[in-house]
Visitor: 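Let me give you the structure first, and then I'll get to my questions.
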Protein chains: 2
Amino acid sequence: MSVAIENFVKAIYKNGKSNTNNTKPGNIAKALNISSAAATDMAQKLAAKDIIVYQKYQPLKLTEKGNKMALTIVRKHRLWESLLFKLFDLSLHDIHREAELLEHQTSDLLAEKISEYLGNPKFDPHGDPIPNANGDITTVDTSMPLSKASEGKSYIISRLLSTDKEFFDFCSANALKYGNTIQVSKQFTSSKMTQISINNNTIVLNSDFTNIIYVNENN
Amino acid sequence: MSVAIENFVKAIYKNGKSNTNNTKPGNIAKALNISSAAATDMAQKLAAKDIIVYQKYQPLKLTEKGNKMALTIVRKHRLWESLLFKLFDLSLHDIHREAELLEHQTSDLLAEKISEYLGNPKFDPHGDPIPNANGDITTVDTSMPLSKASEGKSYIISRLLSTDKEFFDFCSANALKYGNTIQVSKQFTSSKMTQISINNNTIVLNSDFTNIIYVNENN
DNA sequence: AATTATTTTTAAGCTTACTTAAAAATTTAT
DNA sequence: ATAAATTTTTAAGTAAGCTTAAAAATAATT
């Protein structure tokens, strides 16, 4: 399966999420920055391979097989985003761009290794669900903002919902990274501050931060 | 620059290393598993782009530009190998295969981040030098087998020269991973054993192991 | 040095993934 | 419901990166 095909299938999947009628060749063409003619062409080829259902002038629909393909690609994309986010100081925008390329050159084996390394996360740093190797998606999000976390419990950071560079600089300076483990030592309810410990350091965060740092209970 | 071009340039670089006469279209074709005709064709195209010097029936030679391209690809390949080796339990063979794909989808920025994360290593786990971002290669290898390391000093693991699965299993069970730091606490010269500490654990290794584990002084 | 064997090059052709332009169908607006 | 606008499809064509088969040049052998 070529990169062109993978991107085509992914675009149908993504466009279809928001609106079933958003998967006509023209819509997909726009998403991929190709001509409608090229999209119709590809659609007919993929129909012959039983990856999509194609009927003239109708929205494109993924077959079971096509859907599984899309989920595999989405999985790899989100695993890469999660890994790069954890390891490197890169903007979410940069990380997305890199993952967009790497996702197509990733064996199932490597995807498994990345997932394992990250503790088989169910959500990526954006909060988007990561399909498992079978293509199953967990839709129930058990994470919560740090402000809602309980005193004395251990948590794993699951998202940092911000695009602000200063916020990320602060986070990386304090090991507040996706996948890292923290202990919540105190919730100062009146002042809306949270005291946590991470790597034997204790820091106190105000609600600006604890509302955009999402965590999962560490069981 | 397409994947086909990058692989072509890399093949000329690699074949040329061993023998300047080993870069005729036929040699490159074999390395890339394509026909000689395809190689000649590509050679003519790359000559037009000033990436190689092409003269009929002569070995292909990289221009300055082509050489820099090759070094950039080699750099990315070896950085990926180093990273994957550090992070995951994968055979060197698997790691090579993955790196072979990822190297072509890696921005200069990402390469920098990987390098930085690894501490800007000059050699990969195979012991092959990693060119820096300018394409400069360090040829002086300062690493040594662990058996030659000095008592009381700190070292960084730079290579694990083996293809034996059991050896790697032992290593990963004991945090003996590429890039990790160890302390040499004792060299038992008569019995050829070495006592090291890593992550607050102390282990004693015999010379079968200390001769294939290479380290660099940790300054 | 001449013949044979090998390698390289040229030539013609194929597939993939596009493009633009025109024809056909659908959708929107009145 | 019909005309106008938009979208989709078809048709023809292109570039990249291959293939095989034959011609041309080089290298090896005697």
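Numbers restart at 1 for each chain; the letters A, B, ... are given by sequence-line order, proteins then strands.
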Visitor: Only counting residues at least two apart or in another chain, list the ones meeting side-chain contact (heavy atoms from CB on, under 4.5 Å) with A:D94.
Guide: A:L90, A:S91, A:R97, B:L109
Visitor: Between the side chain of A:N15 and the main-chain N/O of A:N22, is any donor-acceptor distance below 3.5 Å?
Guide: yes
Visitor: For the pair made of CG in B:N27 and P in C:dT6, what is the distance, rounded to whole Å?
Guide: 16 Å
Visitor: With a 3.5 Å distance limit and no angle check, can you tell me whether B:N174 reaches the backbone of B:L176 through a side-chain donor-acceptor pair?
Guide: no
Visitor: B:L46 has an atom CG; how far is it from atom C1' of D:dA16, in whole Å?
Guide: 12 Å
Visitor: Determine yes or no for a side-chain-to-main-chain donor-acceptor pair under 3.5 angstrom, with B:N7 supplying the side chain and B:A4 the backbone.
Guide: no
Visitor: Looking at residues at least two apart in the chain, or sitting in another chain, which of them share a salt bridge (charged side-chain N to carboxylate O under 4.0 Å, His left out) with B:E103?
Guide: B:K10
Visitor: Is a side-chain donor-acceptor pair under 3.5 Å present for A:T142 with A:N216?
Guide: yes
Visitor: Quick one: side-chain contact (heavy atoms from CB on, under 4.5 Å) partners of B:P121, sequence neighbours excluded?
Guide: B:S115, B:L118, B:I130, B:Y178
Visitor: When you look for runs of 3 or more Watson-Crick or G-U pairs in a row, both distances below 3.5 Å, which of them include DNA chain D?
Guide: C:1-30 with D:1-30
Visitor: With sequence neighbours left out, write down each residue that passes side-chain contact (heavy atoms from CB on, under 4.5 Å) with A:S147, or none if nothing qualifies.
Guide: A:P145, A:T210, A:N211
Visitor: Tell me which residues in residues 50-58 of chain A put a heavy atom below 4.0 Å from DNA chain D, sorted by number, or none.
Guide: A:Y54, A:K56, A:Y57
Visitor: Does any pair with a residue in residues 102-145 of chain A pass ring-ring contact (aromatic ring centres under 6.0 Å, His included), and if so which ones, sequence neighbours excluded?
Guide: A:Y117-B:F88
Visitor: Among residues 28-37 of chain A, which contact DNA chain D at a heavy-atom distance under 4.0 Å?
Guide: A:S36, A:A37
Visitor: Short question: side chain of A:N134, backbone of A:D136 - any donor-acceptor pair under 3.5 Å?
Guide: no
Visitor: Mind jotting down which residue pairs meet the side-chain hydrogen bond (donor to acceptor under 3.5 Å, both in side chains) criterion with at least one end in residues 105-114 of chain A? Sequence neighbours excluded, please.
Guide: A:R75-A:E112, A:K76-A:D108, A:W80-A:T106, A:S107-B:E98
Visitor: Which pairs of donor and acceptor atoms, one on a side chain in residues 28-54 of chain B, lie under 3.5 Å apart (sequence neighbours left out)?
Guide:
{"unit_1": "B:S35", "atom_1": "OG", "unit_2": "B:A38", "atom_2": "N", "d": "3.1"}
{"unit_1": "B:T40", "atom_1": "OG1", "unit_2": "B:S36", "atom_2": "O", "d": "3.2"}
{"unit_1": "B:Q44", "atom_1": "NE2", "unit_2": "B:Y54", "atom_2": "OH", "d": "3.4"}

Visitor: Between B:A39 and B:K24, which residue's closest nucleotide on DNA chain D lies nearer the 5′ terminus?
Guide: B:A39
Visitor: For nucleotides 12-17 of chain C, which of its nitrogen or oxygen atoms have a protein nitrogen or oxygen under 3.5 Å away, and what is each distance?
Guide:
{"unit_1": "C:dA17", "atom_1": "OP1", "unit_2": "A:S2", "atom_2": "OG", "d": "2.4"}

Visitor: Which pairs with one or both residues in residues 157-176 of chain B pass ring-ring contact (aromatic ring centres under 6.0 Å, His included), sequence neighbours excluded?
Guide: B:F85-B:F168, B:F167-B:F209, B:F170-B:F209
